[in-house]
Number of protein chains: 2
Amino acid sequence: MATIAVENYLKHTLLLAQRSPDGLVPMGELATALQVVPGTATTMVKALADSGLVLHEPRRGLRLTVEGRRVALNVLRKHRLVETFLVNVLKMDWAQVHAEAEQLEHAISDAVLDRLDALLGHPATDPHGDPIPSVEGTLSSAVYATLASCATKASLRVVRVTDQTADFLTFAEAHGLRPGAVAQVLDRNLPAGLVTLRRLRSKPFALSLAAAGKIWVAPVEAG
Amino acid sequence: MATIAVENYLKHTLLLAQRSPDGLVPMGELATALQVVPGTATTMVKALADSGLVLHEPRRGLRLTVEGRRVALNVLRKHRLVETFLVNVLKMDWAQVHAEAEQLEHAISDAVLDRLDALLGHPATDPHGDPIPSVEGTLSSAVYATLASCATKASLRVVRVTDQTADFLTFAEAHGLRPGAVAQVLDRNLPAGLVTLRRLRSKPFALSLAAAGKIWVAPVEAG
DNA sequence: GGATCTATTTTGATTTGTCAAAATCCATCC
DNA sequence: GGATGGATTTTGACAAATCAAAATAGATCC
């Protein structure tokens, strides 16, 4: 069975590969994500390649094999279902649950995972709006507009918050910016790098373009 | 923070110390419990002693320090609350949950532990009847009679099943021998090493003295 | 097309936890 | 009171994962 370190390398490779068109992940990005020095990543990736979990293209990067992707998706599924459990059942603060899930994702068995999934009603996304991989190994890759790129004035529904930092999530929570919330962009000042926002019946407030880009939104639908 | 290995050494030391009047645990017992060779236990115990978690009395054994006991109780509390959660909430088979909890006990934070404890209604024992250490670090050490030592004919309530082996728990479950069940010892044949038992309205059945000694019982009380 | 810069790899060392097997201690037994 | 035997400790080795720092490969820039 994969060690905790192996699971982490594979999970982060999957997450980084998602934002790269060809699925090739540079060594440096992986090392940064895992908070190890580059040499450590090289050593480990070579070992993963020997185990058939990744393909290593020296000096270019790595990509997951089918088996590596399978393992990575299973870990990600555990992570996101655990987060959902911690928020929906244990009522924990969504800013904390990422750190908790980083540990638990390596400790829960597939049997427990299945029970949790059933208890939670087979959710499609976690509390941050991140898609939960299915048992069969499919992962939604839907792309949405963000508060930095969407049309102004229209009513929009928040669908995903793509920054797991506790500080950012606490800020978002404080302004009601969690999946399901409805808001509209009042103004976007590019030179100043500011977006002005209003939630239903609340006071307008501003946030940076960088922060706004982390909030994914969709048009509000009937019902 | 304590590593997984350290937590396991301390937890098993606590469990073994409970069945020793002076709290001294022989090296060999610890090594057997942890499934390591004796030399490994010696090495590790010396390291634990350097960290102030145990006292090592060379060639005699080891005992927990106050700090070591504190850590061990916290791990044991996690283990038993997780087992309770897995059985009571996720409805898992009580024969499986010990193995699951062995992993999870090292991955759940104190914050999650507190929420779990509240969700479960602050239980005093786990599904096997093993006492759950309190947040304050107290652990019931109540001793009961067993089906191998109790009076015959009297109605008795099962309070604890002290063998976490999946096979044994499956056997016990099949005969309804879980905490709360009521049964009476019909006969005890010492030369044959057999105990004959009957649960309310069920057919009598026999089990070995060794097996009977693992089932703890108390007099049935009114209500 | 050579100098330079940056990302990556290599090298050597460290920590943690483990095993195999040899050495040692100590209680006990004649 | 020395031989025996079982538990414990010591010794030397190893695997996994990491870091620091030197070496190297590639891209880029005049």
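Within every chain, numbering begins at 1; the chains are lettered A, B, ... in the order of the sequence lines, protein sequences first and strands thereafter.
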Does CZ belonging to B/Phe168 count more than 12 external heavy atoms closer than 6.0 Å?
-> yes

Step through the shown structure and confirm whether more than 12 heavy atoms of other residues, nucleotides or ligands are within 6.0 Å of CZ on A/Phe171.
-> yes

Judged by modelled atom types alone, do [X] and [Y] share a side-chain donor-acceptor pair under 3.5 Å?
X: B/Ser134; Y: B/Glu136; answer: yes
X: A/His106; Y: A/Asn8; answer: yes
X: A/Asn74; Y: A/Glu7; answer: no
X: A/His128; Y: A/His98; answer: no

Per nearest nucleotide of DNA chain D, the residue lying toward the 5' end, B/Pro26 or A/Ala5, is B/Pro26

List in numerical order all residues of residues 29-55 of chain A for which some heavy atom is under 4.0 Å away from an atom belonging to DNA chain C.
-> A/Pro38, A/Gly39, A/Thr42, A/Lys46

Less than 4.0 angstrom from a charged side-chain N to a carboxylate O is my criterion; do [X] and [Y] meet it?
X: B/Arg77; Y: B/Glu105; result: no
X: B/Arg70; Y: B/Glu67; result: yes
X: A/Glu102; Y: A/Lys11; result: yes

From CE of B/Met27 across to C1' of C/dC19 the rounded distance in Å is 16 Å

Could you grab the distance from atom CD1 of B/Ile108 to atom CD of B/Gln103, nearest 0.5 Å is fine?
-> 13.5 Å

Please list each protein N or O that sits under 3.5 Å from an N or O in nucleotides 24-28 of chain C, with the distance.
residue, atom, partner, partner atom, Å
C/dT24, O2, B/Arg59, NH1, 3.3
C/dT24, O2, B/Arg59, NH2, 3.4

With a 4.0 angstrom cut-off to heavy atoms of chain B, pull out the first and last contacting nucleotide of DNA chain D, in 5'-to-3' order.
-> D/dA7 to D/dT10

